[in-house]
Chemist: 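There's a structure below that I have some questions on.
These figures come from a predicted structure and were not determined experimentally.
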Amino acid sequence: MGTQEAISRIIRLVGGPENINKVWHCMTRLRFDLVDDNKIAQDEIKQLPGVLGAQLQSDQFQIIIGPKVNSWFELLENTLGSGSQTASSTPGKERKSLVSLFMDTVSGVFGPIVPAIAGAGMIKGLLAGLIALKLVSTKSDTVMIIDLIASGVFYFLPFFLAGVGCEDLQNQ
C-alpha cells in the first residue's frame, strides 16, 4: 500500500472529509480537528503502513507519522483540496478551553525550535560529561568554543521565538 492509498484510508477512517474541520501537522504528527470524534476507527488507522501510532488528545486526533509527516501532509492537503473546512466553519463544535488554547499557542511557538534546543542541550551534556571524566580541560580553547556554540542557541532564543511568532502572523 502506497502513501496516497494510506492517506485516502485515513480520510475515510476519521469519518470522511465532512467530519474534518481542520488539518495541520507538527514535527511528527498529523493533527485533526474533527466534528465527531466517535467516527474515528483508531485501531484500523494504527494498522496502516507508515503510521506509528494514533491518539485522541486535547480535542485533537493525532496520527504519529514520524519525520515523513511533511510529505504525508502535502498529500493529505491535495486529497482534501481547497474545499476542506476550517475550524470556524462548522457550527456546534464546542470551543476549546482557555488552558487548551494556551497550550496550543505555546506548542506552536516552541515546536519549530525544539531541534535547535535539543541539539544544544546534547552538546552541553556531552561536554559536561567529558569535563566530569577529566578527558578535557575546562580551560581549553576547544571546550570554550564548543560551549559558546551550544550556548548561542539559548542566548538567541528570544530572536528565534520572535521569528516563529512573525511567521505565524504571516500565515494567518
Side-chain angles (χ1 to χ4, degrees), residues 1-122 125 153-154 157-158 160-172:
M1 174 186 303
T3 306
Q4 182 62 49
E5 188 178 339
I7 292 291
S8 299
R9 292 197 57 200
I10 286 173
I11 293 170
R12 185 174 47 81
L13 294 171
V14 297
E18 63 279 352
N19 195 37
I20 299 173
N21 277 331
K22 183 178 175 185
V23 181
W24 67 102
H25 69 93
C26 63
M27 301 276 299
T28 59
R29 299 165 190 233
L30 291 172
R31 297 175 180 262
F32 292 84
D33 180 21
L34 301 172
V35 176
D36 184 5
D37 294 336
N38 296 322
K39 294 183 178 180
I40 302 169
Q42 192 168 338
D43 292 331
E44 291 180 49
I45 291 173
K46 288 180 180 179
Q47 301 301 318
L48 294 173
V51 173
L52 303 175
Q55 64 185 7
L56 187 61
Q57 184 177 16
S58 304
D59 296 329
Q60 298 176 3
F61 181 61
Q62 303 173 1
I63 300 175
I64 305 165
I65 304 297
K68 296 181 180 179
V69 73
N70 284 332
S71 60
W72 281 62
F73 178 73
E74 288 175 11
L75 288 171
L76 180 64
E77 206 172 34
N78 291 338
T79 303
L80 288 173
S82 59
S84 63
Q85 300 103 350
T86 61
S88 61
S89 68
T90 304
K93 177 78 173 172
E94 289 183 26
R95 293 191 58 174
K96 288 186 176 183
S97 69
L98 190 59
V99 173
S100 181
L101 287 172
F102 175 74
M103 294 307 289
D104 287 347
T105 302
V106 170
S107 67
V109 168
F110 279 96
I113 59 171
V114 166
I117 294 171
M122 289 177 68
V153 171
F154 298 105
L157 186 62
F160 295 145
L161 293 176
V164 169
C166 290
E167 183 179 306
D168 286 345
L169 288 175
Q170 289 174 349
N171 291 336
Q172 290 181 355

Chemist: Work out which heavy atom in Glu18 is nearest to a heavy atom in Val35; give both atom names and the distance.
Modeler: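 Between these two residues, the closest heavy atoms are O-CG2, 3.9 Å.
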Chemist: Rounded to the nearest 0.5 Å, what separation is found between the NE2 atom of His25 and the CG atom of Leu76?
Modeler: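 Result: 10.0 Å between the selected atoms.
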Chemist: Not counting sequence neighbours, which residues clear side chain to side chain contact (heavy atoms under 4.5 Å, CB included) with Glu44? List them please.
Modeler: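 Once residues adjacent in sequence are excluded, the partners of Glu44 under the side chain to side chain contact (heavy atoms under 4.5 Å, CB included) criterion are Leu13, Ala41.
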Chemist: What distance do Ser8 atom OG and Leu80 atom CG have between them, rounded to the nearest 0.5 Å?
Modeler: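 The OG atom of Ser8 sits 9.5 Å away from the CG atom of Leu80.
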Chemist: Would you please name every residue forming a side chain to side chain donor-acceptor pair (under 3.5 Å) with Thr79, sequence neighbours left out?
Modeler: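 Side chain to side chain donor-acceptor pair (under 3.5 Å) check on Thr79 returns Gln4.
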Chemist: Tell me, do Ile45 and Phe61 make a side-chain contact under 4.5 Å, heavy atoms counted?
Modeler: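 Of all side-chain heavy-atom pairs linking Phe61 with Ile45, at least one is under 4.5 Å.
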Chemist: Is the backbone of Leu34 close enough, under 3.5 Å, to the side chain of Asn19 for a donor and an acceptor to pair up by distance?
Modeler: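 A pair under 3.5 Å: no.
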Chemist: Tell me the closest heavy-atom pair linking Phe73 and Val23, and the distance in Å.
Modeler: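 Distance-wise, the nearest heavy atoms are CE1-O, 3.6 Å.
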Chemist: Looking at CD1 of Ile7 and CG of Leu30, how far apart are the two atoms once the value is rounded to the nearest 0.5 Å?
Modeler: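 Between Ile7 CD1 and Leu30 CG, I get 6.0 Å after rounding to 0.5 Å.
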Chemist: Under 6.0 Å from the ring centre and within 45 degrees of the ring axis: does the NZ or CZ of Lys22 meet both conditions for the six-membered ring of Trp24?
Modeler: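 Judged by the rule (NZ or CZ under 6.0 Å from the ring centre, within 45° of its axis), Lys22 counts as positioned above Trp24.
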Chemist: For side-chain contact (heavy atoms from CB on, under 4.5 Å), just list the numbers for Ile63 and Trp72, CA-CA rounded to whole Å, side-chain angles, deciding distance to a tenth of an Å, and then say yes or no.
Modeler: CA-CA 11 Å; Ile63 300 175; Trp72 281 62; over 6 Å; no
Chemist: Kindly indicate whether the side chain of Asp59, heavy atoms from C-beta on, has any atom under 4.5 Å from the side chain of Asp33.
Modeler: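 With C-beta onward as the side chain, the pair stays apart.
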Chemist: Please give me the minimum heavy-atom distance between Cys26 and Val69, naming the atom from each residue.
Modeler: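 For Cys26 and Val69, the tightest heavy-atom pair comes out as O-CG1, 3.4 Å.
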Chemist: To the nearest 0.5 Å, how far apart are CD1 in Ile64 and CZ in Arg31?
Modeler: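 Going from the CD1 atom of Ile64 to the CZ atom of Arg31 covers 9.5 Å.
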Chemist: Could you give the distance from CD (Glu5) to CG (Leu75), rounded to the nearest 0.5 Å?
Modeler: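 Interatomic distance, Glu5 CD to Leu75 CG, rounded to 0.5 Å: 12.5 Å.
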Chemist: Looking only at heavy atoms, what is the nearest atom pair of Phe154 and Ala120, with distance?
Modeler: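 That would be CE1-CB, 3.7 Å.
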Chemist: Restricting to non-hydrogen atoms, name the atom on Ala116 and the atom on Val153 that form the minimum distance, rounded to 0.1 Å.
Modeler: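 That would be O-CG1, 3.8 Å.
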Chemist: A side-chain contact here means heavy atoms from C-beta on lying under 4.5 Å apart; do Ile40 and Phe32 qualify?
Modeler: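 With C-beta onward as the side chain, the pair stays apart.
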Chemist: Rounded to the nearest 0.5 Å, how far does CD of Gln60 lie from CG of Asp37?
Modeler: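 Separation between the atoms: 10.5 Å.
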Chemist: Could you pull out all donor-acceptor pairs under 3.5 Å where a side-chain atom in residues 49-56 meets a protein atom, sequence neighbours excluded?
Modeler:
unit_1 : atom_1 : unit_2 : atom_2 : d
Gln55  : NE2    : Gln57  : OE1    : 2.9
Gln55  : NE2    : Gln62  : OE1    : 2.9

